[in-house]
Structure formats: structure tokens, C-alpha cells
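Sequential numbering from 1 along the given sequence is applied to the chain's residues.
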Amino acid sequence: MPKSKRDKKVSLTKTAKKGLEAKQNLIEELRKCVDMYRYVFIFSVDNMRNSKLKDVRAAWKHSRFFFGKNKVMMIALGKGPTDEYKDNLHKVSKYLRGEVGVLFTNKTKEEVQEYFNSFQETDYARAGNTAQMAVTLDEGPLEQFTHSMEPQLRQLGLPTALKKGVVTLLQDYEVCKEGDTLSPEQARILKLFGIEMAEFKVTIKCMWNSDTGDFVTLAGEEEDNQQKDEEEEEDDDE
């Protein structure tokens, strides 16, 4: 009788003793979820915001989300056919790169895609984000700001002054052009003026079915295959 894959011991070598127990607990928790739920999805996040992800968790209390600790999650699921927890789970692990997470659920592929395709929320852009549109502020009074804010606005580069106690923009000011990589100052100005440019969006990348062991790519196949080819080329160079 062949040995069960789930009986294999997991070695966390090269790991400091501190935190080892937490990582082992995470591995056990992930494997419990594999046994408990019918589907495993990998999702990527654009413009990650903890508050937004918290809202998603609250709406999907019937399911489990794991985000971060990609390397540990790869160990839990398996990096290859020889150490995978269940058949074809190592294919899921190949998608655990960057800002991605794992969703365990009994909801169908159609239900998952329908929810996340419609879940898009805007937020303030951060430094390093790309400006989605050009923004120019018109010359004139900025009555939304108190007089005590004027020095801060000036520090950000805005041509402001107090006129009769009112913060006033002395001339038109271009905050950003479409496509600009936002600086900390630009991001701060956009937030002060209530201009949201970042879109929090979840994209479902792939799915694994625990009943059949089937693995399906749902999005980003071309990108991931390109990344895989690049990694293989790097290995060949070594």
C-alpha cells in the first residue's frame, strides 16, 4: 500500500528557533483547511489595504483567508509532486509570489468570481502608485483648510498664502500628470484634497478542487508562465 502524502514530515531548516512554532502551526492550519474545504483559490491584490481585506473577510465568514507568509504556505501545500500535501496542490504553490493570498471555501468558482469581479473600491493613492489622471488645482481661496494648515501646504510645494485669514492658492498648480509615479508630497496633496486614485481589487488567479484534484488557471496565465520561464533561465545560467 503506497504511503499517504499527508504522513510526510515537514522540515523547516534554515529557520531561526524564534517563530518556528508559529510557522509550524500555520502549516497545520493550512492543511486542516485543505481537508475541510472543497476549493482552494489563489488571489492577487492590487493596492493592498488591510481595512478593505478586513471587509472581505467579514463578508466571507463562511470561508478562510490567508495572506502573507508565502514561503511557509508553499511548504504547507507542497513545492513539487514529491512533497505536495494532496495531488496537484504543488501547482497552486507556483502562484504564491508577490501580494497574493489563499482562499479556502465551499463556494463554487462562479460564486467566487462573481463576488470578486464586482468588488472594487477606491482609496487614496500612496507614494509609488501611478497617477490615474492629471490633477490641476485652480487659483483662488481654499476655504476647506484652516489658516493653521497654510504652512503645511506650502511645505508640500503649493504656492499658498494667507489673505485676510483665508488660505489662498496664488496660481494654478499642477499636482500630477496621468502616468506619473507619485511622490510622497503628491500623494499627500491628493489626500488633503479628497482625490482618490487607487483601486483596491482582488483577482482570482487559479483554483484547486479537493474532490477531484483538478487544477485550473483562471487569470494571469501568460504573466505567470513568463515569470516561470525567466526563473528557469536564471537557473540554467547558474
K79 side chain reached by S93 side chain, heavy atoms, under 4.5 Å: no
Decide yes or no on salt bridge (charged side-chain N to carboxylate O under 4.0 Å, His left out) for K32 and E28, but give the supporting numbers first. CA-CA 6 Å; K32 284 180 184 178; E28 292 175 4; 5.6 Å; no
From CZ (R31) to CD1 (I75), nearest 0.5 Å: 9.5 Å
Value rounded to 0.5 Å, distance of CG in L103 from CD1 in I204: 6.5 Å
Among V166, T168, T160, whose side-chain contact (heavy atoms from CB on, under 4.5 Å) with E150 holds? T160
To the nearest 0.5 Å, tell me how far L30 CG sits from M74 CE. 13.0 Å
How long is the straight-line distance from OG of S210 back to CE of M36, given to the nearest 0.5 Å? 11.5 Å
Going through the checks in order, is the side-chain contact (heavy atoms from CB on, under 4.5 Å) test met by L77 and K86? CA-CA 8 Å; L77 302 180; K86 287 188 177 180; over 6 Å; no
Kindly check if the number of other-residue, nucleotide or ligand heavy atoms within 6.0 Å of CD (E29) is above 12? yes
Scanning both residues in full, the closest heavy-atom pair of I195 with V135 reads CD1-CG1, 3.6 Å
Do E84 side-chain atoms and L89 backbone N/O form a donor-acceptor pair below 3.5 Å? yes
Between R57 and F67, is a side-chain contact (heavy atoms from CB on, under 4.5 Å) present by the stated rule, with each step listed? CA-CA 11 Å; R57 290 180 191 270; F67 195 87; 4.2 Å; yes
What is the ring orientation for F43 with F116, classed by angle as parallel under 30°, tilted 30 to 60°, or perpendicular over 60°? parallel
Mind checking whether M197 and N129 have side chains closer than 4.5 Å, heavy atoms only? no
Minimum heavy-atom separation for N106 to R38, with atom names? OD1-N, 2.9 Å
Any donor-acceptor pair under 3.5 Å from Q132 side chain to T130 backbone: yes
Side chain proximity check, P159 to L169, heavy atoms < 4.5 angstrom: yes
Taking atom NE2 of H147 as the centre, report whether more than 12 heavy atoms of other residues, nucleotides or ligands fall under 6.0 Å from it. no
Determine the minimum heavy-atom distance between C176 and M133, stating which atoms define it. SG-O, 3.7 Å
I189 reachable from F145 in the ILVMFWY side-chain graph, under 4.5 Å edges: yes
On a heavy-atom basis, the closest approach of K163 and L170 is CE-CD2, 3.9 Å
Kindly indicate, with the supporting measurements, whether the criterion side-chain contact (heavy atoms from CB on, under 4.5 Å) is fulfilled by Q113 and K109. CA-CA 6 Å; Q113 288 185 311; K109 177 183 72 174; 3.7 Å; yes
For E178 and A134, indicate whether the former's side chain and the latter's backbone hold a donor-acceptor pair under 3.5 Å. no
Are W208 and F41 an aromatic pair, judged by ring center distance below 6.0 Å? no
Is there a path from V34 to V100 through hydrophobic residues (I, L, V, M, F, W, Y) whose side chains come within less than 4.5 Å of each other? yes
Heavy atoms, side chains only, cut-off 4.5 Å: are L182 and L190 in contact? yes
Which atom of A59 lies closest to which atom of Y115, heavy atoms considered: CB-OH, 3.5 Å
Is a side-chain donor-acceptor pair under 3.5 Å present for T136 with E174? no
Examine F66 together with F104 and report whether their ring centres are nearer than 6.0 Å. yes
Could you check whether Y95 and T217, counting side-chain N and O atoms only, form a donor-acceptor pair closer than 3.5 Å? yes
Pair Q144-V167, side-chain contact (heavy atoms from CB on, under 4.5 Å): steps then yes or no: CA-CA 9 Å; Q144 67 268 45; V167 180; over 6 Å; no
Kindly work out whether a path of hydrophobic side-chain contacts (I/L/V/M/F/W/Y, heavy atoms less than 4.5 Å apart) joins M149 to F193. yes
Any link between V112 and V45 through a network of hydrophobic side chains (Ile, Leu, Val, Met, Phe, Trp, Tyr) touching at under 4.5 Å? yes
What heavy-atom pair brings S183 and A127 nearest, and what distance separates the two atoms? C-CB, 4.0 Å
When rounded to the nearest 0.5 angstrom, what is the spacing between CD in E114 and OG1 in T108? 9.0 Å
Enter the distance from N209:CG to N88:CG here, rounded to the nearest 0.5 Å. 10.5 Å
